[in-house]
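A quick write-up on the structure given underneath.
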Amino acid sequence: MPISGVVQPDILVVDEELRLRKFDGNYDFAFDWYQDPETVKLVDGVDQPYDREKLDRMYRYLNEHGELYFIEIKDGDTYRPIGDVTFWQEDMPIVVGEKNLRGKKIGRRVVGALIKRAKELHYPQIFVDEIYHYNIGSQKCFESAGFVAYETTDKGKRYRKILSE
């Protein structure tokens, strides 16, 4: 659950090209991301596209449990959303919704910014609840950021990163 009394920033700067923008309840643009069976399989383990109701439930749940952000990339003088990420100590679900931008280390850069946020919040460790066995890109992303698999599940593995000893 979000930490009581901690204010979620409106913008978290990742680097000169990427930022995280606090969820504002507007997400019509994200619907297309969750229509893609490959994307949904990476997220949910099934290739059933979302309907509006399921997308509403997902964003409501994520916003209630953590700091929900849209990943935005600089496009000229503006930023445009390309994915989403939710951050709380127990999990860090991330989706690069624009498929042509996957494999470009965007996830790794976002995870790095959220590790910094976790340290600012004095978390001793952070977790990723589950990454599916076949989601090699996500495994590599988190492992490159220092996360270590600590438990095997039926569908994948749980990861943890120790931030302080």
Side-chain angles (χ1 to χ4, degrees), residues 1-4 6 8-9 12-15 17-23 30 33-34 36-50 54-55 57-73 81-165:
M1 300 298 281
I3 299 177
S4 180
V6 173
Q8 177 181 353
L12 271 178
V13 175
V14 175
D15 57 33
E17 184 183 43
L18 293 173
R19 72 180 190 179
L20 304 179
R21 181 177 53 84
K22 181 179 177 179
F23 178 76
W33 303 336
Y34 293 94
D36 177 61
E38 179 185 332
T39 299
V40 176
K41 185 154 178 87
L42 294 172
V43 172
D44 288 342
V46 294
D47 58 4
Q48 184 66 38
Y50 283 32
K54 184 168 183 174
L55 188 67
R57 277 195 318 269
M58 179 194 75
Y59 278 134
R60 194 169 38 253
Y61 174 86
L62 293 172
N63 195 45
E64 289 170 0
H65 283 78
E67 296 181 355
L68 175 54
Y69 298 97
F70 288 112
I71 303 165
E72 294 186 327
I73 193 165
I82 60 165
D84 58 56
V85 64
T86 307
F87 169 73
W88 72 97
Q89 189 173 7
E90 292 80 26
D91 203 3
M92 197 182 305
I94 181 170
V95 171
V96 175
E98 289 195 17
K99 291 171 65 167
N100 64 322
L101 293 175
R102 293 185 191 148
K104 300 188 182 302
K105 305 205 182 332
I106 290 171
R108 185 179 299 183
R109 291 154 57 195
V110 168
V111 169
L114 293 174
I115 289 169
K116 182 178 175 187
R117 174 99 175 117
K119 289 177 179 178
E120 291 169 356
L121 294 172
H122 305 289
Y123 289 163
Q125 57 187 343
I126 51 178
F127 300 88
V128 176
D129 186 53
E130 184 175 46
I131 300 175
Y132 298 124
H133 292 299
Y134 52 82
N135 193 341
I136 305 302
S138 193
Q139 291 169 26
K140 287 181 178 181
C141 172
F142 282 97
E143 288 170 359
S144 72
F147 283 78
V148 176
Y150 71 93
E151 183 176 46
T152 300
T153 67
D154 289 342
K155 297 178 184 177
K157 293 181 181 173
R158 299 186 199 288
Y159 287 79
R160 148 177 74 212
K161 179 172 177 67
I162 307 294
L163 300 174
S164 63
E165 296 293 319

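Among residues at least two apart or in separate chains, salt bridge (Lys or Arg N to Asp or Glu O under 4.0 Å) pairs with a member in residues 109-126 are Asp15-Arg109, Glu17-Arg109, Glu67-Arg117. Applying the salt bridge (Lys or Arg N to Asp or Glu O under 4.0 Å) definition to pairs two or more places apart or across chains, those involving residues 122-140 are Asp129-Arg158.
None of Val95, Val85, Leu101 except one satisfies the side chain to side chain contact (heavy atoms under 4.5 Å, CB included) rule with Ile71; the exception is Val85.
Shown here are the ring-ring contact (aromatic ring centres under 6.0 Å, His included) partners of Tyr59, two or more places apart in sequence or in another chain: Phe23, Tyr27, Phe70. With sequence neighbours left out, the side chain to side chain donor-acceptor pair (under 3.5 Å) criterion links Gln48 to no other residue. Every side chain to side chain donor-acceptor pair (under 3.5 Å) that Thr39 has, sequence neighbours left out, goes to Asp36, Arg102. Shown here are the side chain to side chain donor-acceptor pair (under 3.5 Å) partners of Tyr132, two or more places apart in sequence or in another chain: there are none. Arg21 meets the salt bridge (Lys or Arg N to Asp or Glu O under 4.0 Å) test with Asp24, Glu72; sequence neighbours excluded. Residues passing the ring-ring contact (aromatic ring centres under 6.0 Å, His included) test with Phe147 are Phe142, sequence neighbours excluded. Contacts of Ser144 classified as side chain to side chain contact (heavy atoms under 4.5 Å, CB included), with partners at least two apart in sequence or in another chain: Arg108. By the side chain to side chain donor-acceptor pair (under 3.5 Å) test, Arg57 pairs with Glu53, sequence neighbours left out.
More than 12 heavy atoms of other residues, nucleotides or ligands lie within 6.0 Å of NZ in Lys22, so this atom counts as buried by the packing criterion. With a 6.0 Å radius and a threshold of 12 heavy atoms from other residues, nucleotides or ligands, Asn100 has its CG atom above the threshold.
Proximity of a side-chain donor or acceptor of Gln139 to a complementary backbone N or O of His133 within less than 3.5 Å is detected. Under the 3.5 Å distance criterion, the side-chain polar atoms of Tyr134 are matched with a main-chain donor or acceptor of Lys41. At distances below 3.5 Å, not a single donor-acceptor pair connects side-chain atoms of Glu143 with backbone N or O atoms of Tyr159. For the pair Lys161 (side chain) and Ala145 (backbone), a donor-acceptor distance under 3.5 Å is present.
A 4.5 Å side-chain heavy-atom check between Ile131 and Lys157 finds every atom pair outside the cut-off. Within the 4.5 Å cutoff, no side-chain heavy atoms of Leu42 are placed close to those of Ser138. Side-chain atoms of Thr86 and His65, non-hydrogen and from C-beta on, never get closer than 4.5 Å to each other. The closest side-chain heavy-atom distance from Pro81 to Tyr69 is not below 4.5 Å.
Using modelled atom types and a 3.5 Å distance limit, the side chains of Asp84 and Tyr34 yield a donor-acceptor pair.
The two residues Val111 and Cys141 come nearest to each other via the heavy atoms CG2-SG, 3.9 Å.
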